[in-house]
Asker: 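Okay, here's the structure, questions in a sec.
Convention: sequence-line order gives letters A, B, ...; per-chain numbering from 1. All values reported here derive from a predicted model rather than from experimental measurement.
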Amino acid sequence: EETYNLALLSDFSGPYADIMPVLAGGREAVFKWWNATQGKELGVTLNYKNYETRYDAAQVASLWPGIKSELNPIAVVGLGGPDVAALSERLPEDKIPMFMATAAYGFAWKEDAWIFNPRPTYSHESAGFLAWMKEQRGGDEPLKVAIMASEASPAYVDMAKGLELYAEENPDALEVVEVIYTEVQPTDLTTQMRRVARAGAEALIVQTNTSIVVAAKRGLQANGADIPIMMSSHNGLPASGGALGGLDQLEGDFEAYGMAVAAEEDTPARQFYQTLVAEYDLDAPWNVVTAMGVSQGLYTVTVIQHAIEENGAEGLTGEMVREALFAKPITTEETHGFLPTLTFTPEAPFPLKGLKVNVGTVKDGKITIEATGVDVPDVHKW
Amino acid sequence: MVYFINDIITGALIGLLYALVAMGFVVIYRASKVFNFAQGELVIIGGFIVWFTTMQLGLSLWLSIPLSLVLAGLVGYAIERIFLTKLIGESVFSMVMVTVGLLILLRGLVLLLFGPAVRPFPIIFPLKPLFLGDMLIPMNLLAGGIITIVAAVGLSWFFNRTRSGLRMTAVAEDHVVASSMGISVKGSIAFAWVLGAILSTIGAMIFLSGKSLTFLASDIGFAALPVALFAGLESIGGLILAGVIIGVVQSLTTNYLDPMIGGSLGSVVPYIIMLAILLIRPTGLFGWRTIERV
Amino acid sequence: MTAAPLAVRNATLKFGGVTALDDVSITVNDDELLAIIGPNGAGKTSLLNVTAGFYRPQKGSVELSGKDVTGQRVDQIARHGLARTFQGTHLFAGQTVVENIMIGRHMLMKSNVVQAFFQYGTVMREESEHREAAEEIIDFLEIEAIRNRPVGTLGYGLRKRVDLGRALAQEPSILLMDEPMAGMNSEEKEDLARFILDVREARKIPVVLVEHDMGVVMDLADRIVVLDFGRVIAEGTPEEIQKDPAVIKAYLG
Amino acid sequence: MDPSGIFPTSYRTDRRVVRTRWQAIALAVFMGLLLAAPYLASGRIIAVLNMMLISAVIAVGLQICTGYAGQINLGQAAFMGVGAYTASILASKTGMSFLLTIPLAGFAAALFGFLFGLTAARIKGFYLALTTIAAQFLFHFAVLNLPSSWMGGSNGITVPPAELFGFRIVGETSQFYMNLAVATIMIAGAFGIIRSRFGRAFVAVRDDDVAAGIMGINVAATKANAFLIGAFYAGVGGALWAYLIRFVGVDQFTLFNSIFFIAMIIVGGMGSIVGALVGVFVIRVIQEVIATVGPNIADSVSFLGGDIVFAGMNVILGGVIAGSMILEPKGLMHRWNILKSSFRIWPFPY
Amino acid sequence: MLELNNVEVTYSDVILALKGVSMNVKEGQCVALLGGNGAGKSTTLKAISGTLKSEDGTVSAGSIILDGTPVQNMEASNVVKNGLVHVMEGRRVLRHLTSEQNLIVGGHMVPNAAELKKRLDHVYTLMPRLADLRNRTSGFMSGGEQQLLLIGRAMMAKPKIIAIDEPSLGLAPMMIRDVYEVLKQLKSEGTTFFLVEQNSAAALSIADYAYVMENGRIVMDGPADKLANNEDIKEFYLGVTASGERKSYREIKHYRRRKRWLG
Ligand SMILES: Nc1ncnc2c1ncn2[C@@H]1O[C@H](COP(=O)(O)OP(=O)(O)OP(=O)(O)O)[C@@H](O)[C@H]1O
Ligand SMILES: Nc1ncnc2c1ncn2[C@@H]1O[C@H](COP(=O)(O)OP(=O)(O)OP(=O)(O)O)[C@@H](O)[C@H]1O
Ligand SMILES: [Mg+2]
Ligand SMILES: [Mg+2]
């Protein structure tokens with residue numbers, strides 16, 4: 001019987017405090033499930049502990065040595081930008097990999113990573129979505145798109161930059177008609193949305209935050225413009241709908257990301273979620289944030305499982321875990337359909353091949369799956 | 001051209017919203033000489049009170065709005081009682097520093113009481129904008145503009161023309177002198193905070209009507225700050241002019257300059273205007289001039 | 001003949017509608033104690049302010065030892081050797097007496113920030129030297145006992161003394177004093193009178209004294225200038241002034 | 001301050017920071033403990049100490065600018081950012097040694113601070129305090145909008161580790177010694193500055209800038225210098241930060257951070273170097289204690305839930321700041337000084 | 001009317017500035033408090049009016065009774081409600097307000113506008129100089145003008161008792177006479193005065209009773225006319241020699257003459 005430790009970084013009192021309890025619940029339930037099933041078979045228990053980082057690089061940096069000496073973890077389960085910022089140069093030295101839940105950022109797109117994302121960058125995800133949309137629409141002229149960005153966080157700028165570059169390199173696929181910078185809680189976007197409408201945008205990409213989705217939606221409504229919004233996972237349909245006072249307001253809008261859509265349909269992912277709720281005390285609604293937590297947990301345990309299968313249950317190290325990630329793809333069956341099959345290479349912190357996104361939408365006031373396994377086009381590094 | 005004019009009008013109205021939030025700063029400053037760093041936090045507290053009374057208690061707007069204003073006033077009063085009363089007679093500076101603590105504390109308190117979730121904010125003003133030919137003007141901003149102007153005119157009459165206003169001015173000038181003349185410094189500060197909290201709540205209603213509410217909304221405090229400084233920290237009437245100027249310039253920047261440079265100059269431009277005006281007039285357009293006498 | 005330590009020529013100073021000074025000229029000679037008197041609001045303080053560069057006159061000029069300093073900043077004028085004490089006090093309230101006096105010596109010290117940061121070179125020696133000079137002034141003014149008290153905690157009278165000490169610490173070539181005797185009882189006035197005389201005699205510093213206590217002014221001044229409504233209405237020796245009907249009407253009553 | 005009956009016998013001794021043998025011993029023991037800390041304490045503690053040392057440098061700079069010269073500065077985090085970026089760019093692009101990049105980072109920040117300090121010649125009081133917020137916004141805007149080859153834009157910059165004679169300064173312990181060395185120099189220097197004519201000029205300008213001018217102090221230059229020095233410290237702190245984290249991005253230098261630096265000097269007391277250190281210690285300890293025990297509380301009192309426990313952190317921190325102001329408006333150091341003076345005049349209360 | 005019993009005042013918890021001061025001011029009287037620099041006169045006033053707190057001071061022992069109410073450590077604004085106004089030293093005018101606004105603030109408790117107007121006129125007739133300055137920003141006025149304004153401001157409140165700190169400070173000789181005329185007038189109207197003054201001659205000319213303070217203790221007291229004839233008072237406070245003529249400031253010998261009161 002071997003025990004290995006996982007350090008979970010969390011943000012219960014910073015900007016992502018709203019989604020944290022659900023996200024944390026999702027990933028913890030997976031670890032419980034794994035310990036009770038696969039882990040038991042292999043004779044391995046995964047211990048885990050949450051560390052509060054407040055989404056603050058300084059806090060991460062000061063916690064890290066403690067985490068290392070207290071837990072000596074074989075992997076870190078990270079949350080967001082500050083974790084990456086504070087640990088990107090540390091983890092290679094300490095030889096511990098970190099597994100994120102979110103899509104990746106352009107600034108982390110480097111070779112020989114120790115920090116991994118199961119999903120490509122936000123720009124990949126939106127590019128995939130837009131390609132799908134263009135196909136739906138038909139025709140040869142490029143799809144006109146507007147992007148909401150904010151300088152409040154460099155990550156938000158990064159999302160816009162990547163997509164802009166993609167559009168520049170693929171003028172026949174995509175035309176960015178407007179990039180609108182605003183605050184994290186915009187005062188009013190009516191005039192900006194009129195610009196978007198007048199530019200003939202066919203879609204509005206909002207991968208920033210929920211408040212911006214709400215303000216943009218109100219701005220579009222005021223202008224009587226019917227332009228679909230695409231959201232990401234952390235500001236997806238349920239969250240934005242909730243903030244708008246009802247999902248029905250988002251009728252026809254989309255969320256798209258490289259991960260299972262938490263929709264009404266009965267999918268393997270949903271079944272697995274129900275198992276977690278029924279048997280492993282998961283106390284979280286079936287939504288995209290839970291899905292994010294569960295998928296993060298799932299690919300983490302799968303990698304570890306691969307590493308155990310490769311090296312035996314004893315003496316497992318962070319380095320072995322990382323090796324296992326490159327050695328063998330993580331199949332979509334292993335992650336219960338939460339994630340596509342992931343093939344990591346040392347070239348990037350996320351899979352570069354076989355990228356897929358799923359698209360969810362609101363139909364009749366309910367979240368439904370619009371498309372699955374949509375291929376992501378080639379997006380170049382920016 | 002129509003759009004250009006529309007951008008100017010919308011900008012001016014947004015500027016007036018800033019002016020309303022800035023009025024919270026100014027009222028507190030004007031009656032107690034305390035610069036309240038936690039003004040943005042008062043806005044979210046006001047917002048959460050409105051959210052609580054409408055969305056949680058399910059009261060109708062006619063009931064919940066007055067109730068919210070009363071509750072906000074109570075919060076303002078409580079802040080004065082708990083944090084500021086004991087510092088009367090100490091330097092004003094220490095009170096200002098308490099508001100720095102308050103900034104952090106209220107943020108935590110909001111998280112604690114209402115949680116971090118993004119909440120839908122009730123629709124207080126009709127979502128449908130006002131159409132003037134090709135122009136459209138958001139109703140919340142329009143109503144806000146009117147409220148701001150009315151409040152500014154009323155309050156500046158109060159502070160400049162009435163004896164109670166003069167009393168508060170005396171407190172702002174010098175706590176010790178005021179109290180040595182029998183003016184209750186406590187009363188003045190309490191009044192200021194009650195009023196500041198109420199104004200912030202009104203600001204929150206206009207700002208957030210039909211949108212969403214998280215503690216990030218407190219950023220409006222720092223967006224409104226340049227308006228307060230531009231006008232001068234003692235001037236309530238001046239806020240209108242300052243708000244309109246800053247709002248219009250900001251709107252033109254976001255709508256015409258930002259797309260060209262591909263960045264967010266719009267959010268820094270108020271600070272640039274403010275810096276420029278302060279270099280010319282160090283106490284804002286209408287603020288009290290510094291008196292130096294030897 | 002060397003130039004007078006201080007000459008103000010035809011100074012006119014207006015604030016909006018208020019004329020604080022109207023074509024005022026004064027000259028202070030070597031070793032002289034010139035008193036300026038006049039009713040409240042006559043413009044005495046304004047005249048000192050113009051001299052010290054705190055106000056810029058609309059017309060007229062200020063010369064220190066023959067050098068035209070009109071329009072220079074206060075600190076530049078101070079560096080030309082002008083020191084003053086204040087009506088009311090403008091001491092550095094939180095600082096001790098010694099520190100206040102040491103601040104007076106700021107401009108005589110030479111060390112730079114880098115030296116101060118590393119405490120190398122002449123910093124230590126310089127500090128000690130100037131501290132010695134400061135202590136001398138403290139001795140001179142008989143305020144040894146309160147040397148380490150923050151001035152904010154001192155009574156008004158002692159503050160005035162520290163104020164004088166701080167001005168002396170600047171090693172001025174001319175000293176302006178604005179109502180130094182205010183707020184003192186006669187015993188203390190005697191002490192201060194002695195200090196002023198000593199300043200003039202031992203240190204050879206000409207003094208311009210603005211004061212309302214006629215006893216003091218008549219006893220100490222070599223020459224008196226009387227201001228009323230911003231104009232010089234009389235000038236002369238104490239005896240002459242005491243008899244001047246215009247002065248009696250405007251001021252002495 | 002000495003106990004009663006002991007008086008300094010020369011101006012030099014009177015000027016000393018450390019005046020009695022006991023103080024000297026206490027200081028030596030304290031430094032000794034610090035030097036030995038990596039052998040006595042866990043990595044976590046050392047990491048916390050690293051943060052404290054860096055914050056101490058920055059807070060001491062802020063103390064000089066705000067506590068001594070009276071120029072409230074809400075842009076300290078931006079100045080820190082300028083330093084951090086300068087060090088990162090120099091280190092990553094030119095491979096310059098940290099022995100050079102750290103002071104250069106200080107100078108770059110000092111230049112930026114000086115520009116803002118120049119406005120202090122005209123703008124005063126709260127107006128000035130609030131204009132320093134502009135420094136924050138301008139810094140943020142500049143980094144994100146200047147060509148990303150300059151300051152990395154939204155990508156941030158990765159910093160190579162500091163190296164000394166081929167030894168890479170990575171890991172808590174070696175970084176701790178580097179931070180300790182720099183912080184010691186900077187703090188000692190701060191004592192030097194504030195006890196020199198500059199320190200006195202700062203205080204003069206703070207207490208009464210009119211009188212200061214008449215004393216021959218160039219008020220505008222002094223204020224600008226205060227910003228310059230304060231920003232220099234922030235820049236050095238920023239450089240240390242860059243070497244510690246080895247990655248810089250704009251979101252590491254926010255207005256909120258500036259407010260925390262202000263909070264540190266409030267808690268410790270305005271106008272005291274030791275106060276700034278005390279403030280850094282108190283605030284950081286609270287932060288770290290909550291970050292450490294928080295999870296345990298959340299685990300053991302599960303009905304509270306993690307979010308409540310951690311939200312409580314802001315309440316506690318804000319409460320400590322506001323509370324310390326209410327209980328002792330002049331800061332902890334003031335209380336300590338009162339204690340000392342009553343000890344000095346004991347047993348007679350006058 | 002006003003009674004101090006063994007009052008002790010401590011600043012910053014350590015500096016004992018008043019060491020057991022007892023005094024008594026009777027209704028309608030004018031009581032003068034004399035004393036050298038730093039004796040504790042202003043401290044006494046601050047203790048009475050409750051403004052000590054702003055300087056980190058407290059009444060640490062003893063009691064102060066104003067009209068039967070204990071007022072030690074009471075909040076300043078409440079002391080005013082009990083009928084005492086304190087004219088502070090240091091010319092603390094409300095600097096950004098005009099001179100007239102200062103006066104109006106002084107009369108802020110006056111119930112109606114007509115009465116306010118009456119009081120303003122009263123002040124202006126007693127001090128015509130203030131009438132000329134009514135629209136002047138008070139912060140820009142000259143030292144003497146500000147001093148006048150302070151006295152006018154206290155008058156506006158029509159208190160039962162005025163505690164006034166060095167009213168003649170910085171006033172020209174003619175103005176001192178005028179101000180004392182005003183004080184006499186007020187006294188005849190029934191106002192009680194507690195007067196701290198360095199201009200002892202002027203103070204003793206209007207006072208009924210006087211206390212002399214040194215080092216935080218009362219060292220001498222007595223009816224004003226009696227004190228005015230006391231040798232020491234004459235020498236140290238009134239500046240006259242034993243034979244009665246004024247000493248010349250030029251003739252002062254350089255030796256320590258300060259004599260300590262033995263109390
Ligand atoms: N900065 C200013 N702005 C407006 N008026 C001013 C200013 N400075 C002085 N005055 C006015 O100028 C006149 C002269 O003032 P000043 O202070 O020189 O008088 P003074 O002779 O010193 O009187 P006192 O003996 O009362 O101190 C006064 O009426 C005063 O109100
Ligand atoms: N804020 C304070 N903190 C500490 N000590 C103080 C404070 N204010 C006054 N003192 C001390 O209390 C004593 C009495 O001061 P006070 O101001 O009452 O003197 P005073 O008699 O009014 O003198 P003056 O005639 O010079 O105005 C002095 O020794 C003074 O140093
Ligand atoms: Mg004068
Ligand atoms: Mg006094």
Asker: If you measure only the distance, is there a donor-acceptor pair under 3.5 Å linking the side chains of A/Glu28 and A/Asn50?
Answerer: yes

Asker: Identify which of D/Pro161, D/Ala47, D/Ser55 forms the greatest number of heavy-atom pairs closer than 4.5 Å to chain A.
Answerer: D/Ala47

Asker: Report the option among A/Gly66, A/Ala61, A/Gly106 that has the most heavy-atom pairs separated by less than 4.5 Å from atoms of chain D.
Answerer: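 If we count pairs closer than 4.5 Å to chain D, A/Gly66 comes out on top.
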
Asker: Please say which of A/Ile205, A/Thr210, A/Ile212 ends up in a side chain to side chain contact (heavy atoms under 4.5 Å, CB included) with A/Thr208.
Answerer: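 Single side chain to side chain contact (heavy atoms under 4.5 Å, CB included) partner of A/Thr208 among A/Ile205, A/Thr210, A/Ile212: A/Ile212.
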
Asker: Can you confirm whether A/Asp11 sits close enough to A/Glu52 that some side-chain heavy atom of one is under 4.5 Å from a side-chain heavy atom of the other?
Answerer: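 Yes; the side chains approach each other to less than 4.5 Å.
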
Asker: So, A/His234 side chain and A/Val288 main chain: donor-acceptor pair closer than 3.5 Å or not?
Answerer: no

Asker: Evaluate the side-chain proximity of A/Trp64 to A/Val76: yes if any heavy-atom separation is below 4.5 Å, no if none is.
Answerer: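 A side-chain contact exists here, since the closest heavy-atom pair is under 4.5 Å.
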
Asker: Look at atom CG of A/Asn47 and say whether more than 12 heavy atoms of other residues, nucleotides or ligands are closer to it than 6.0 Å.
Answerer: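 Enclosed: over 12 neighbouring heavy atoms sit under 6.0 Å from CG of A/Asn47.
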
Asker: Within the 4.5 Å heavy-atom criterion, are A/Pro73 and A/Leu6 side-chain neighbours or not?
Answerer: no

Asker: Just by distance, do the side chain of A/Thr53 and the backbone of A/Ser10 share a donor-acceptor pair under 3.5 Å?
Answerer: yes

Asker: Angle between ring planes, D/Phe260 versus D/Phe256, binned at 30° and 60°: parallel, tilted or perpendicular?
Answerer: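 If you compare the ring of D/Phe260 with that of D/Phe256, the planes turn out perpendicular.
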
Asker: Relative to each other, are the rings of A/Phe350 and A/His124 parallel, tilted or perpendicular (30° and 60° limits)?
Answerer: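 Rings of A/Phe350 and A/His124: perpendicular, as their planes differ by over 60°.
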
Asker: Go through D/Leu244, D/Val248, D/Asn50 and name the one with the most non-hydrogen pairs under 4.5 angstrom from chain A.
Answerer: D/Leu244

Asker: Considering only heavy atoms, which portion of A/Ala24 lies under 4.5 Å from any heavy atom of chain D: side chain, backbone, both, or neither?
Answerer: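 Looking at A/Ala24, nothing touches chain D.
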
Asker: Counting only non-hydrogen atoms closer than 4.5 Å, does A/Glu151 touch chain D with its backbone (N, CA, C, O), its side chain (CB onward), both, or neither?
Answerer: both

Asker: Taking 4.5 Å as the heavy-atom cut-off, does anything in residues 281-288 of chain D contact chain A, and if so which residues?
Answerer: D/Gln287, D/Glu288

Asker: For the pair A/Lys68 and A/Glu93, find out whether any cationic side-chain nitrogen is under 4.0 Å from an anionic carboxylate oxygen.
Answerer: no

Asker: Applying salt bridge (Lys or Arg N to Asp or Glu O under 4.0 Å), can you list everything that pairs with A/Glu178, at least two apart in sequence or on another chain?
Answerer: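 Counting only residues at least two positions away or on another chain, A/Glu178 forms a salt bridge (Lys or Arg N to Asp or Glu O under 4.0 Å) with A/Arg195.
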
Asker: Heavy atoms under 4.5 Å from chain A: which residues of residues 132-154 of chain D carry them?
Answerer: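 Interface residues of residues 132-154 of chain D: D/His140, D/Phe141, D/Leu144, D/Asn145, D/Ser154.
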
Asker: Answer yes or no: is there a side-chain heavy-atom contact under 4.5 Å between D/Phe79 and D/Ile58?
Answerer: no

Asker: Are A/Glu125 and A/Arg119 close enough for a salt bridge, meaning some N to O gap below 4.0 Å?
Answerer: yes

Asker: For chain A, which residues of residues 81-97 of chain D have at least one non-hydrogen atom nearer than 4.5 Å to it?
Answerer: none

Asker: Is there a side-chain contact between D/Arg246 and D/Pro160 (heavy atoms, below 4.5 Å)?
Answerer: no

